Structure formats: structure tokens, C-alpha cells
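A short write-up of the structure that comes next.
Remember, it's a predicted structure, so these values are computed and weren't measured experimentally. Within every chain, numbering begins at 1; the chains are lettered A, B, ... in the order of the sequence lines, protein sequences first and strands thereafter.
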Amino acid sequence: MSAHLLENLNPEQLAAVTLPHESALILAGAGSGKTRVLTTRMVWLIQGGQVSPHGILAVTFTNKAAKEMMTRISAMLPINTRGMWVGTFHGLANRLLRTHWREAGLPQSFQILDSADQLSAIKRLMKSMNIDSEKYEPKKVQRFISANKEAGLRARDVEAFDAYSTRLVEIFEAYDAQCQREGVADFTELLLRSYELLLRNEPLREHYRDRFKHILVDEFQDTNTLQYRWLKLLAGPGTALFAVGDDDQSIYAFRGANTANMAEFEREFAHGNVIKLEQNYRSHGHILTAANTLIAQNAHRLGKNLWTAEGEGEPIRVYAAYSDQDEASFVVEEVRALNREGINLSDMALLYRSNAQSRVLEHALFSASVPYRVYGGLRFFERLEIKHALAYLRLLTNPEDDGAFIRVVNFPARGIGARTLELLSAHAAQSGASLWQAACTASGKVAGFAKLIEDIKQATRELPLAEVIDHVIEASGLADFYRADKDGSERLENLNELVNAAALFGQEAEEATLDSFLAHAALEAGEHQAGVGLDALQLMTVHAAKGLEFHAVFITGLEESLFPHEQSTLKGTSANEESGLEEERRLMYVAITRARRRLYLSHAQSRMLHGQVRYGLPSRFLDELPQQVLSPLNRRSGSAQPQSFGYAAPAVSIGVVKNAGNDTGYRVGQSVAHAKFGSGIIIDFEGRGADARVQVKFRDAGTKWLALAYANLSIV
DNA sequence: GCGTGACATTTTTTT
DNA sequence: AATGTCACGC
């Protein structure tokens with residue numbers, strides 16, 4: 001074994017990498033070398049002859065993480081890594097189902113529905129069941145179905161307690177039946193179906209249990225109930241489960257991630273075999289102190305404190321802006337200054353809680369000609385024109401796919417409207433056939449469509465993948481449609497890009513069939529964006545920043561109801577409120593720990609939200625940080641603007657400033673303090689003189705109307 | 001069957 | 001503000 005493999009590992013990392021063949025839980029803090037430990041262990045196991053690449057299963061959450069893992073392993077190991085099962089939960093589940101489709105009760109060419117496909121399938125189903133979509137919102141139905149499947153439950157396992165939930169369960173059941181009929185599986189179905197397959201098929205289960213001597217899981221804190229069960233089922237008595245995670249970075253509870261899995265795993269598998277990686281190699285001292293102090297205020301933790309051998313570094317800069325625009329221009333100036341000092345734009349990140357906040361920031365960056373790149377948003381395979389092209393392809397390989405049929409039967413327009421389709425689906429339902437089968441016996445325009453698909457099928461029979469797609473785009477009329485559309489050139493380019501993607505896939509994939517390409521498109525909606533090489537400022541939500549690091553990080557919009565987000569704490573029971581706030585705090589923790597050297601925190605007194613000016617109080621998270629590592633920034637000197645934190649008139653740009661009478665000295669947007677209710681901000685007023693009343697939004701006491709004559713508000 | 005305007009609806013996101 | 005959804009009229 002090459003000796004340098006284990007060089008430069010600290011004692012804890014070394015212990016984790018060289019653990020014997022036992023299950024273990026690795027609590028790996030932010031920046032503690034988690035991925036390195038994971039990949040080094042795999043290489044160590046293989047090089048030491050303890051296991052063949054064939055006997056390893058490694059699971060991640062994102063394709064990016066899986067790819068990263070593979071790249072690192074290939075760099076360390078000169079062997080063929082093909083036989084290794086490294087991938088996302090969904091990717092691996094798909095692999096199982098493709099191999100054992102018959103046993104799993106699926107057609108060989110089953111197709112994968114992404115969330116949007118799933119939603120339209122639900123809408124279609126509800127229409128056919130005559131269900132009022134006002135009373136049962138399709139999105140809620142989708143959440144209901146997904147949440148149950150993620151908990152490992154089928155419709156028959158769900159207990160209904162009233163008329164409403166009874167109906168929901170009925171829809172759930174009908175939805176699964178429809179998917180089965182059409183030969184499609186949604187994301188969660190991949191997991192649930194492969195779980196059930198292994199559960200019921202003992203020989204198969206034993207085969208895989210025997211095969212996988214080591215199962216390694218990344219980002220374990222993000223697993224949901226079903227994923228954990230899936231892992232437990234695959235792990236036999238001779239399997240060592242190696243789970244790496246950080247409960248403090250669990251930020252996906254809102255979509256089913258179950259933090260309790262970590263504690264449960266410790267009890268069920270690790271049996272005290274727990275290693276904590278607490279040395280942080282990323283951030284300077286003050287930044288870590290801030291992160292540690294903040295997260296210590298969460299009650300539900302496994303407990304862990306990061307430390308660094310680096311110095312304290314610079315203080316954390318806090319900027320109180322008058323408005324969102326002021327905040328944006330502050331960021332622009334700082335970014336430019338740092339860039340002049342030699343920091344690459346790509347080594348700086350601009351983070352926000354929700355996507356809607358990027359607009360103002362983008363505008364300011366654009367006006368100042370600072371190159372930037374926004375992550376998130378519409379992914380390549382989710383674009384409309386791509387979805388259409390893929391639907392044609394799906395129909396070719398799986399004619400039972402009614403969702404694909406509906407999507408393309410009249411796009412581009414062929415004069416097949418709602419009425420015609422209604423008749424067709426009634427006809428199909430009557431004879432228990434798919435829309436495609438019904439179309440084959442139809443006449444008129446529908447028959448023309450059926451012939452078109454048949455012709456394409458004939459013409460592409462012998463063609464390689466990329467040419468199939470090229471032919472489909474032309475023959476379907478998609479290309480002509482976008483050529484005729486004056487705004488269609490970008491969409492045409494994307495369709496071209498799809499052909500390129502297929503060509504690339506043909507070169508790289510083990511088997512470049514149409515089915516595998518379609519699965520690839522559904523499972524890896526990936527970062528197909530151009531301009532990666534350019535030096536540009538990185539804009540993204542805090543969620544999207546997890547796993548990344550930057551020299552300088554700006555966390556913007558640190559205001560109550562924005563971050564922590566009001567939706568996260570408002571609804572539900574007090575227990576939900578508590579856990580919601582804790583998740584927001586973990587989110588803030590993730591944001592802070594992205595920074596290596598420099599961290600900026602900013603909040604704005606006023607902000608445009610939903611087309612209205614809103615006044616917000618500074619986030620409670622700012623108060624929860626140790627004040628000695630913070631350095632409040634004032635507006636650059638020489639400015640005509642007032643300089644203190646809260647005591648300032650809103651910037652001119654936010655519109656009309658109401659004055660509560662010219663004699664009171666109070667105005668909308670002003671920070672005030674009340675003896676009993678604490679600090680707050682004035683959001684409205686009425687009356688004048690002795691009758692004047694103001695509406696104050698208090699940090700902790702809610703929103704109240706107060707008479708100025710009695711309230712004795714002090715200006716903060 | 002198709003285009004247009006009124007209307008609601010705004011967290012976070014991967015697969 | 002901006003975007004998507006839906007009903008209505010041609």
C-alpha cells in the first residue's frame with residue numbers, strides 16, 4: 001500500500017479511515033475533511049485487499065457529490081472503478097430496478113417522472129376522478145403522496161381520520177395505479193419500489209447483502225425515513241455501514257430529512273463507535289467562534305465544537321443598510337474592493353435565504369458591470385422545449401406513457417384540442433387502453449399523429465442515440481416551430497444542446513440506449529450551464545451553498561421574517577415552531593461556515609417584497625452571535641447619510657415617507673423601544689397631535705397599535 | 001382550438 | 001414585481 005495515502009491525516013481522520021470492519025458514525029463538522037475521509041477510506045479498504053471495488057456501495061445525495069467522490073478515487077487508485085456502486089440514492093435505486101425490472105413488476109422501459117411530471121400526472125388523474133382542485137390542491141396532494149412514500153407508506157398503510165383524508169388516500173391509491181398502468185415511476189417510487197423488491201425477494205436481498213461488505217453514506221443527516229430503511233435492508237450481518245454526517249448541517253427537514261436517523265443509527269449500528277472530526281481546516285478563528293456560539297443555542301444536538309489551528313483572523317463585518325438597494329450597493333463596493341486586492345470573484349459568494357432576493361443584488365451587480373453567476377433556477381432538462389423533446393422520446397420507448405402523450409399530442413399545434421382529447425381519453429378508459437392505443441384506432445387528426453410517431457419509430461430504428469434525437473426534433477415539427485417563432489432561437493440552441501448532450505452520453509456511458517439516456521436526463525438535471533470557467537461572483541441561496549467554501553462570503557437579508565423565514569416558524573404546533581427555528585439556525589450555521597477568511601453580514605431596514613415596501617427588524621441571529629467578534633460597519637465617511645445602526649430615515653428610493661405629525665418626531669420605518677414590549681419598528685401611523693397612534697411591529701411581542709401620548713416610546 | 005387578459009400566489013431543493 | 005394559471009371570447 002502506498003504510504004502517502006495516510007499522510008497528513010490528523011489522528012481522528014486516521015482513526016476513521018482505518019476503522020476495522022465495523023459500522024461507525026463519523027460526526028464530521030463543517031470543513032473537517034469529510035469527503036477526504038470518505039474517499040481515503042474506500043481507497044484504503046481496496047488497496048489493503050479487504051474488499052474488492054465490487055463489494056463497495058457508496059451513497060451520496062447529489063450527483064455532484066457522487067462525481068466528486070469518483071474523481072478523487074480515480075486519482076488515488078489506478079484501477080477500473082466501473083464495478084463500484086457509487087451514486088445517489090435515486091441513481092442506485094434506478095440501477096437496481098433496471099436490472100431486476102421483472103421482479104419489481106415494472107416494464108423494461110419504465111420512465112422516470114420528475115416533480116413537474118408528477119404534478120401534471122396528479123392533475124390529470126384528479127380531472128379524471130372529477131375531484132375539485134380547489135378543495136384538493138394538486139400541490140398539496142403531491143406533498144401528501146411524497147411524504148407518505150418517503151415514510152415508506154403505501155396508500156393502504158395510511159390511516160384516514162376524516163372525509164378529507166379518506167379522499168386523499170383514495171387519490172394516492174389511484175395515482176399509484178395510474179403510474180403502474182403507464183409504466184412510470186416518480187423519484188420516491190424508485191426508492192420505495194427497490195426497497196419493497198429487496199424486502200420481498202429474499203434471494204435477491206441475500207445476494208446484495210452478501211456482495212456489499214462496506215456501505216458508505218455521505219451527508220447522513222439528510223436521509224429520510226425510507227432511505228434509512230433502504231440502507232438497513234441492504235446491510236447484512238457481514239456489512240459495515242460507515243455513515244458520515246453533521247447534524248448541525250441538517251437543513252432539509254422540510255422535505256422529509258430525519259435528523260433522528262443519526263441518533264438511531266448510533267444506537268442500532270454504531271454502538272458507540274463514533275468518531276468526531278472537530279478540527280476545521282477552512283475558516284479563521286473569529287468565523288468559527290461565531291458559528292459555534294450560534295449553533296450552541298440549538299437544544300437538539302449531538303454535540304460537537306469546531307476548532308482551528310489558524311489564528312483569529314479578521315472580525316466579522318456587519319452592515320446595517322437603509323434599504324435592500326443600499327445593501328446591494330454596499331455589497332458591490334466591497335466586492336470590487338476585494339477584487340482589486342486580488343481576490344478572484346469566483347472565490348466570493350453572495351448568499352441569501354430565498355431566491356427572490358437575488359433580483360435587487362443582480363441589478364446592482366449588472367449596473368456596476370461586475371460579472372456574476374446565479375446558481376439554481378431553471379435547469380437544462382427542465383426547460384420546456386427539452387421536456388417536449390424528451391416526451392417524444394419517451395413515447396417512442398414506452399407508448400403507455402399517457403403523460404408524455406398528452407404533452408406532445410398537440411405540440412406543435414396539430415388542431416387536436418381539449419374536446420378531442422376528452423373523447424379520446426373516454427374511449428381509452430372504456431376499453432382500459434392507453435391513450436396511445438386509443439389513438440392508433442382513431443381517425444382524422446389523431447390518426448395523423450399516431451402515424452407521425454409510427455414513422456419516427458421506423459426511421460430511427462437503426463440510428464445511434466444522438467441521431468435519433470436529432471431526427472425526432474426535426475420530424476416532430478419542434479424545430480420548425482421554434483424557427484418560426486421570433487423568440488425561439490434560444491430554444492433552438494437548447495434543442496441542439498440536447499443532441500450534443502446525447503452524443504456525449506453516447507461516448508461516456510456504458511450502454512447508450514434511449515432508456516438509459518432518458519433516465520440520465522431525469523436523474524441528473526445537472527449543471528449544464530455554460531460560462532463555468534469565467535471569473536464571476538457566485539450568487540446562490542444558503543441551501544445551494546452547502547458543501548462549498550469561499551474566501552469571502554456575504555450573507556444578506558438578515559432580517560426577522562426573512563432569515564429566519566417567517567414560514568418556517570409560523571405554522572403548526574409549538575414543537576414545529578421550535579424545530580423550524582432550529583433548522584433556520586442550522587441554515588445560518590451553514591452559511592457562516594462557508595467563509596474561509598472574510599465574512600460580511602448585512603440587513604436592511606426596508607425591503608421591497610411582493611411589490612410592497614416592508615420594514616424589517618435585524619435578525620435575532622445577529623444578536624445570538626458573540627458581539628466581540630463583530631465589527632459594525634458604517635457608511636463610508638464623507639457620506640451625507642446618517643451613520644448609526646437603526647436610527648435613520650429610510651432611503652429616498654423606497655417611496656413616500658409618512659410622518660406621524662410634524663411634531664412627534666416619529667415616522668414609519670423608525671426603530672423604537674417600548675418598556676414592556678421591547679424593540680420594534682414603526683410600520684404605520686394614524687391621527688395627529690395628541691391623538692396620534694402608531695403601529696409598531698415588535699421583535700418578540702407581535703404587532704400592536706399604540707397611542708403615542710401614553711406609550712412612551714423611545715427612539716433607538 | 002387558440003390567444004388574451006384577469007387573477008392569484010409567492011421558502012428553502014434534490015432526485 | 002413577476003410569474004404562472006385559468007376562464008373567456010373570438
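Across all strands, A:Ile416 comes closer than 4.0 Å only to sugar-phosphate atoms, never to a base (heavy-atom distances). Across all strands shown, A:Ala413 has heavy atoms under 4.0 Å from sugar-phosphate atoms exclusively, and none from any base. Contact annotation for A:Asn410: backbone-only contact, meaning every heavy-atom pair under 4.0 Å involves sugar-phosphate atoms and none involves a base. At a threshold of 4.0 angstrom between heavy atoms, the contacts of A:Ala418 are confined to the sugar-phosphate backbone, with no base atom among them. Among the heavy atoms of the strands lying under 4.0 Å from A:Phe61 are primed sugar atoms or P, OP1, OP2 only; no base atom is included.
Comparing B:dT13, C:dT5, B:dT12 by their closest approach to the side chain of A:Ser354 singles out B:dT12. Of the candidate nucleotides B:dT11, B:dT15, B:dT13, B:dT11 has the atom lying nearest to any side-chain atom of A:Arg353. Proximity note for A:Phe187 (side chain, C-beta onward) versus B:dT11, B:dT15, B:dT14: the nearest is B:dT15. Considering only the side chain of A:Arg419, B:dG1 comes nearest among C:dT3, B:dG1, B:dT15.
Between A:Tyr228 and A:Phe220, the gap from one ring centroid to the other is short of 6.0 Å. A ring-centre distance under 6.0 Å is not found for A:Phe563 and A:Tyr352.
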Verdict with supporting geometry, A:Glu559 and A:Ser619, side-chain hydrogen bond (donor to acceptor under 3.5 Å, both in side chains): CA-CA 4 Å; A:Glu559 294 133 48; A:Ser619 167; over 6 Å; no
Residue pair A:Arg607, A:Val613: steps toward the side-chain contact (heavy atoms from CB on, under 4.5 Å) verdict: CA-CA 5 Å; A:Arg607 178 179 299 278; A:Val613 179; over 6 Å; no
A:Arg193/A:Tyr195 under side-chain hydrogen bond (donor to acceptor under 3.5 Å, both in side chains): CA gap, chis, key distance, verdict: CA-CA 5 Å; A:Arg193 187 68 74 110; A:Tyr195 170 77; over 6 Å; no
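Considering only side-chain N and O atoms, A:Asn355 lies under 4.0 angstrom from the phosphate OP1 or OP2 of B:dT13. Dashed line: the shortest gap from a side-chain N or O of A:Thr541 to OP1 or OP2 of B:dT13 is under 4.0 Å. Taking 4.0 angstrom as the limit, A:Arg379 places a side-chain polar atom (N or O) nearer than this to OP1 or OP2 of B:dT14. In this structure, A:Arg359 reaches the C:dT3 phosphate: one of its side-chain N or O atoms is under 4.0 Å from OP1 or OP2.
Atom CZ of A:Phe89 is separated from atom P of B:dT15 by 13 Å (rounded to the nearest Å). Atoms NE2 (A:His90) and C1' (B:dT15) sit 4 Å apart, rounded to a whole Å. B:dG1 atom C1' lies 8 Å from atom NZ of A:Lys445, rounded to whole Å. Here the C1' atom of nucleotide B:dT13 and the CG atom of A:Asp222 are 11 Å apart, to the nearest Å. Spacing between atom NE2 of A:His610 and atom P of C:dA1 amounts to 13 Å, rounded to whole angstrom units. One can place OH of A:Tyr375 at 17 Å from C1' of B:dT14, the figure rounded to the nearest angstrom. Rounding to whole angstrom units, CD of residue A:Gln221 and C1' of B:dT14 are separated by 14 Å. The CG-P distance, from A:Leu97 to B:dT15, rounds to 18 Å in whole Å.
Nucleotides of DNA chain B nearest to A:Gly417 and A:Ala522 differ in position, and the one nearer the 5' end is that of A:Gly417. Residue-to-nucleotide proximity on DNA chain B shows that, of A:His543 and A:Thr420, the 5′-proximal contact is made by A:Thr420.
Side chain A:Ser115 to base B:dT15: a donor-acceptor pair is found below 3.5 Å.
In this structure, A:Gln221 and A:Asp248 have side chains that are not in contact, with every pair of non-hydrogen atoms separated by 4.5 Å or more.
For the pair A:Tyr252 and B:dT14, the ring geometry does not qualify as stacking, because the centroid separation below 5.5 Å and plane angle under 30° are not jointly satisfied.
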